[in-house]
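Written out below as structure tokens is the structure these notes cover.
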Amino acid sequence: MRKHIIPFLLSTLLFINCKKEQPEILYTTNYSDIINQEFTGDLAFQTTSFIEKYWRVVGNTGFNKSIYKIAEELEKAGYILEENATESTLLTYRIEKRPLKKPTWEAVDALVTINNEKEPLLQHATNRNMIALNAYSTPKEGISAEVVYVKDIEKLSNIDVKGKIVFAETSPYQLFKAAIVAGKAAGIMTYNNPDYLQPQKNTTSIQFRSIPLDTINKPWAIAMSFAAKERLKKSLEKGKTMLHVNIETHIYPSEELTIVADIKGSEKPKERLVFSAHVQEPGANDNATGVGVSLEMATLTAKYVKQKQYQPKRTLTFLWGDEIISTRRYVQEDTIRAKDIKWGISLDMVGEDTEKTGGTFLIEKMPDPSAIWTRGNDKHTEWGGSKMNLDEMKPHYLNDFLIDIFKAQGKRANWVVNTNPFEGGSDHVPFLRENIPSVLFWHFTDQFYHTDNDRIDKVSKTTLKNVGTASLIAAYTLLNSDEKTAKTIQLNLQKAALNRFHEELKQSKIAIHKGDSLSIQIAILNAWKDWYKKSLTTTLDLVSDETLINKEIKARQRLIDSIVANKIEELKKI
């Protein structure tokens, strides 16, 4: 008997072990647990490290290497080039190629010395943002010329700068026409780092700058750090100052590359959520981190699909390219495709080590009344936003839905998540202009923003993990949303609305006591009331049969009307 029992026991144990090794199916209830365990941030960090080595402008060497690095990782994860795919292929990608209308640009090397001193004023090896975008090379032997300091560029036309180097504390773009085109200057030296970069603390930082592409004058311009600017000014105070400038750049015809990856939906493949991350810009956090996070999101999702742990009902798309340009094209070139894009999310500066960079992680909301009346806990960043009007509002559940998901991840991971009113300036804008719900994930303030000190040491793998994890939880929930999802989102919208009305009443009381008019305060409350009533209606796009949730929408809208009416009556009694 024992001879028969032993094989039986072994096969039973093997069956049990195999059963244990079966990957767990992902459901709404376990998205957070499983993704938190499996999204490590490793690939995101490795990709960021690879890409940040290059100064990336669309069409140049670093940009193109980044695109092909993404393609390489997608193929490893199981994505098939679209031209080789079949109707049943779930994971596909393509690289779109278009000739550039203007040539691309890349910096090779630069050195600036002052009065033949041994210590360089600036050198590309340590300040790779020093050469202004579109600057041409100097002759191989370089250029030696006297420096002319111009305090007021309005008076530049009265100064003879021909053959000299013009130095001014402004952007080179502002200085270009008067100094180079009209004044025939040899070149431009400029400084204008904004205060939020803390230039007196980060004395070697240079925020990248540009000049117009000028094939006739073939100009050059140098942007300076605070330290270099101060040194040059001190030299000028002593008397005549000579600079020797040697610059090498490459300007050449190229093509624009955009890479698009799709995970095909099983039930509604035409409907989609699009994550966009721009490749160009020379930093690590901006925006190698966005590229890295979205790539790890794409590869982890591919793993779940291949292992049959998760199958999206709607299509999940990842887009990498040139900021705003690639996204705008994606939503405009195919109107049939665009009408089925249900959500767009931009990943931009999403990996910051905030102890080093400052600021916090932010969700930049779709335009809501906080972009008109910014008060209380709502605050614009140093980037700033233009005041909007009610016609520009975009009521939708996406704002509060994402805030709920990310706040939950923040609580779980002891990670700070904040929001800011709409400001624009990134890949969420083209979606919004086509009336596609869209938000921006980013960080600000960043004291190294757009500077050559935005390096890999300012990136946190933990932040990359948190952003990627919360993004996937949100995406999977939306892609497979149904009646239950819609009702849950409605309940959360109602809670958010009640909190908002409570806060706005508090702010209105403060405003009235300061002398502001009652009518304005009533208008603010009514604006928020309309915002949330319309946001509730947008949950209809989560279900196939609107009658399933219409009753709940109307009931919650009536509740909102009643609460706001009571708040207004309370204000009138002040």
Side-chain angles (χ1 to χ4, degrees), residues 362-381 384-407 417-424 432 435 437-440 486-541 549-574:
L362 293 168
I363 298 174
E364 180 167 309
K365 300 180 292 178
M366 294 174 60
D368 69 7
S370 70
I372 303 175
W373 300 283
T374 308
R375 60 187 194 173
N377 294 324
D378 290 309
K379 292 180 177 65
H380 277 295
T381 70
S386 301
K387 190 171 182 179
M388 307 184 78
N389 58 58
L390 288 173
D391 293 338
E392 297 174 287
M393 298 297 95
K394 303 284 187 183
H396 202 273
Y397 60 79
L398 188 61
N399 277 358
D400 288 297
F401 168 74
L402 291 173
I403 291 167
D404 286 341
I405 295 286
F406 274 75
K407 289 284 188 183
V417 172
N418 283 314
T419 68
N420 67 279
F422 176 77
E423 295 175 352
L432 291 169
N435 290 315
S438 185
V439 301
L440 168 67
K487 289 180 177 179
T488 300
I489 290 175
Q490 286 176 17
L491 177 60
N492 290 337
L493 274 174
Q494 179 181 302
K495 290 177 181 176
L498 298 186
N499 289 334
R500 171 58 69 171
F501 300 148
H502 176 77
E503 176 62 24
E504 291 304 324
L505 177 64
K506 175 184 168 185
Q507 295 302 323
S508 288
K509 287 179 177 179
I510 293 169
I512 289 172
H513 285 304
K514 289 181 176 179
D516 286 359
S517 71
L518 173 64
S519 61
I520 290 176
Q521 307 315 310
I522 292 174
I524 294 172
L525 280 168
N526 280 329
W528 279 110
K529 178 188 74 174
D530 291 344
W531 162 271
Y532 275 106
K533 287 179 69 176
K534 290 174 181 175
S535 294
L536 282 165
T537 303
T538 63
T539 60
L540 290 169
D541 76 351
I549 60 172
N550 259 327
K551 183 179 177 182
E552 286 79 7
I553 290 173
K554 287 181 170 55
R556 297 187 195 283
Q557 287 176 331
R558 286 194 296 271
L559 176 62
I560 285 173
D561 280 333
S562 173
I563 289 171
V564 172
N566 289 335
K567 301 287 186 190
I568 289 173
E569 287 304 312
E570 191 174 340
L571 276 182
K572 288 178 178 179
K573 292 176 183 178
I574 296 175

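We use all heavy atoms of the structure for the numbers below, so side chains are in, but hydrogens, waters and symmetry mates are not.
For Thr537, the side chain to side chain donor-acceptor pair (under 3.5 Å) criterion is met by Gln557, not counting sequence neighbours. Judged as a side chain to side chain contact (heavy atoms under 4.5 Å, CB included), and not counting sequence neighbours, the contacts of Asp391 are Asn389. By the side chain to side chain donor-acceptor pair (under 3.5 Å) test, Ser438 pairs with no residue at all, sequence neighbours left out. The side chain to side chain contact (heavy atoms under 4.5 Å, CB included) search around Ile520 returns Trp373, Ser517, Ile524, not counting sequence neighbours. For Glu423, there are no salt bridge (Lys or Arg N to Asp or Glu O under 4.0 Å) partners, not counting sequence neighbours. Residues satisfying the salt bridge (Lys or Arg N to Asp or Glu O under 4.0 Å) criterion with Asp541, sequence neighbours excluded, are Lys342. By the side chain to side chain donor-acceptor pair (under 3.5 Å) test, Ser370 is found to be paired with Lys365, Asp368, residues two or more places apart in sequence or in another chain being considered. Residues passing the side chain to side chain contact (heavy atoms under 4.5 Å, CB included) test with Lys394, sequence neighbours excluded: Met366, Pro367, Leu432, Asn435. The ring pair (Phe, Tyr, Trp, His ring centres under 6.0 Å) search around Phe406 returns Phe361, Phe441, not counting sequence neighbours.
Applying the 6.0 Å contact sphere to NZ of Lys487 captures more than 12 heavy atoms from other residues, nucleotides or ligands.
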Distance-only criterion, 3.5 Å: show the donor-acceptor pairs between side-chain atoms of residues 561-574 and protein atoms not counting sequence neighbours.
residue: Asp561; atom: OD1; partner: Lys533; partner atom: NZ; Å: 3.1
residue: Asp561; atom: OD2; partner: Lys533; partner atom: NZ; Å: 3.0
residue: Asn566; atom: ND2; partner: Ser562; partner atom: O; Å: 3.3
residue: Glu570; atom: OE2; partner: Lys509; partner atom: NZ; Å: 2.7

Below 3.5 Å, can you tabulate the donor-acceptor pairs from side chains in residues 493-502 to any protein atom, sequence neighbours excluded?
residue: Gln494; atom: OE1; partner: Arg556; partner atom: NH1; Å: 2.7
residue: Asn499; atom: ND2; partner: Lys495; partner atom: O; Å: 3.4
residue: Arg500; atom: NH1; partner: Asp378; partner atom: OD2; Å: 2.8
residue: Arg500; atom: NH1; partner: Glu504; partner atom: OE2; Å: 2.7
residue: Arg500; atom: NH2; partner: Asp378; partner atom: OD2; Å: 3.2

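Thr539 contributes no side-chain N or O that, together with a main-chain N or O of Ala486, makes up a donor-acceptor pair within less than 3.5 Å. At distances below 3.5 Å, at least one donor-acceptor pair connects side-chain atoms of Glu364 with backbone N or O atoms of Gly424.
Taking both residues in full, the closest heavy atoms of His396 and Pro437 are given as NE2-CG, 3.3 Å, listed atom of the first, atom of the second, then distance. Taking every heavy atom of both residues into account, Leu536 and Ile553 meet most closely at O-CD1, 3.6 Å. Between Met393 and Pro369, the closest heavy-atom pair is SD-N, 3.4 Å. When all heavy atoms are compared, the tightest approach of Glu503 to Gln507 is OE2-NE2, 2.7 Å.
Screening residues 396-407 for salt bridge (Lys or Arg N to Asp or Glu O under 4.0 Å) gives no qualifying pairs among residues at least two apart or on separate chains.
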